[in-house]
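Below is one structure; the comments refer to it alone.
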Amino acid sequence: MKLVRFLDNQVVRFGKLEDGTIVELNDPDPDWSIRQLFETGRQFEVDAVKLLAPCLPSKVICLGLNYRSHAEEMNHDLPKKPIIFLKPSTSVIGTGEPIICPPQSKRVDYEAELGVVIGRRTYRVRAEEALDYVIGYTCANDVTARDKQPKEGQWTYAKSFDTFCPLGPVIETGIEDPESLIVRGYLNGKLVQEAPTADHYFKVAAIIEFVSGCMTLLPGDVILTGTPSGIGLLSLGDRFAVAIDGIGVLENTVTSMD
Ligand code: MG
């Protein structure tokens, strides 16, 4: 099932996408595991509405250096434990919305990643049961002001500008093995990143165990699982797409702040 949030005549609605038609569902907030999803009886053509980010995370937790190929291109050793940082909820945008380059940065980069969407309140779960807490998966772009990211030190500033967390276009609920996917990134239509999620250094289940050992994850929270090699610069007017087979294509265009 492909879950979407969308805007219809200024009203935010929730639904499932089926062959170009959105079947409206009840809003699953606040806890997708407690309230069963049901159809409201309304349907919408996807081309007639505006898709939004498919969930509204209270927080986005990101993995740094989770692909060997990316650690090598950044001249970093692979970490012994997951490196995590946060992106604020205010950085989240949906497909088709502009990525806005802030004046503080001369170098804004794309990072194509798999996003894990939490479906239940998650605290101190073991890896063996961690995937039971996932509602589904989405495409993500961990947009980064690279010149504001020191090699040693905090990364959150570089990662947290408004619009720096495109998510979407859907949450696919039918993926059983998140390590069986291919993440691709396209800059203006040209393939620039491609890697199997099997290359994740820390697997999704282990990441959830690690993160939930520290903080409570709420329904709709998203974990970005790291980017493979091939990162690069976004220039004004560029289109960047993150594509994951079985989920879809998240595409955003770059503008500046003025
Ligand atoms: Mg990243």
Side-chain angles (χ1 to χ4, degrees), residues 53 55 57 59-79 81-93 95 99 101-102 105 107-118 137-168 178-179 181-187 191-204 206-208 210-211 217 221-234 238 240-244 247 250-252 254:
C55 54
K59 54 192 170 296
V60 179
I61 304 96
C62 306
L63 269 281
L65 306 173
N66 201 30
Y67 285 83
R68 184 179 302 277
S69 62
H70 178 57
E72 287 172 356
E73 75 178 348
M74 299 297 283
N75 288 319
H76 268 288
D77 294 329
L78 281 164
K81 287 188 174 176
I83 293 175
I84 61 170
F85 58 91
L86 295 177
K87 285 167 105 75
S89 59
T90 43
S91 65
V92 172
I93 58 173
T95 193
I99 294 166
C101 293
S105 177
R107 176 167 177 157
V108 173
D109 280 6
Y110 56 80
E111 294 188 359
E113 308 198 7
L114 172 69
V116 181
V117 184
I118 297 296
Y137 299 89
T138 192
C139 305
N141 187 352
D142 176 17
V143 181
T144 302
R146 193 70 65 198
D147 53 356
K148 299 297 175 189
Q149 181 187 22
K151 188 165 187 285
E152 309 297 338
Q154 56 108 340
W155 294 356
T156 293
Y157 184 91
K159 305 274 194 176
S160 293
F161 291 94
D162 287 4
T163 76
F164 271 27
C165 190
L167 298 175
E179 259 68 57
L181 306 170
I182 307 284
V183 176
R184 295 184 176 88
Y186 294 86
L187 181 61
L191 182 66
V192 289
Q193 290 190 283
E194 180 175 35
T197 53
D199 285 356
H200 282 153
Y201 186 60
F202 296 105
K203 305 303 183 193
V204 170
I207 294 167
I208 293 172
F210 181 78
V211 173
L217 300 172
D221 281 354
V222 178
I223 299 174
L224 306 193
T225 54
T227 198
S229 62
I231 60 154
L233 176 68
L234 291 171
D238 279 349
F240 191 77
V242 181
I244 302 176
I247 299 176
L250 166 71
E251 184 170 275
N252 302 86
V254 180

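As a basis for the values below, the full set of heavy atoms in this structure was taken, side chains included, without hydrogen atoms, waters or symmetry mates. Start at 1 and go down the list; that is how both ligands and their atoms are numbered.
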(message) Going by side chain to side chain contact (heavy atoms under 4.5 Å, CB included), Q193 matches just one of V242, T227, V183. Which one?
(response)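 That would be T227; it is the only one of V242, T227, V183 passing the side chain to side chain contact (heavy atoms under 4.5 Å, CB included) with Q193.
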Next on the checklist: For the Mg ion (ligand 1), which protein N/O/S atoms fall under 2.8 Å? Skip waters.
Outcome noted: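 Correct list: E111 OE1, E113 OE2, D142 OD2.
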What verdict does the salt bridge (charged side-chain N to carboxylate O under 4.0 Å, His left out) test give for D199 and R68, after you've listed the backbone C-alpha separation in whole Å, the side-chain angles of each residue and the deciding distance to 0.1 Å? CA-CA 8 Å; D199 285 356; R68 184 179 302 277; over 6 Å; no
| field | Donor-acceptor contact below 3.5 Å, side chain T197 vs main chain L181 | value |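 Looks like yes, one N/O pair under 3.5 Å.
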Quiz item: Yes or no on side-chain contact (heavy atoms from CB on, under 4.5 Å) for L167 and L224, after CA distance, side-chain angles and deciding distance?
Solution: CA-CA 10 Å; L167 298 175; L224 306 193; 4.2 Å; yes
Practice task
Find out whether V116 and Y137 are in side-chain contact, i.e. whether some heavy atom of one side chain is under 4.5 Å from a heavy atom of the other.
Solution key: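 V116 vs Y137: side chains touch.
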Please list, chain by chain and in numerical order, all residues satisfying side chain to side chain donor-acceptor pair (under 3.5 Å) with T225, sequence neighbours excluded.
->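 Side chain to side chain donor-acceptor pair (under 3.5 Å) list for T225, sorted by chain: H200.
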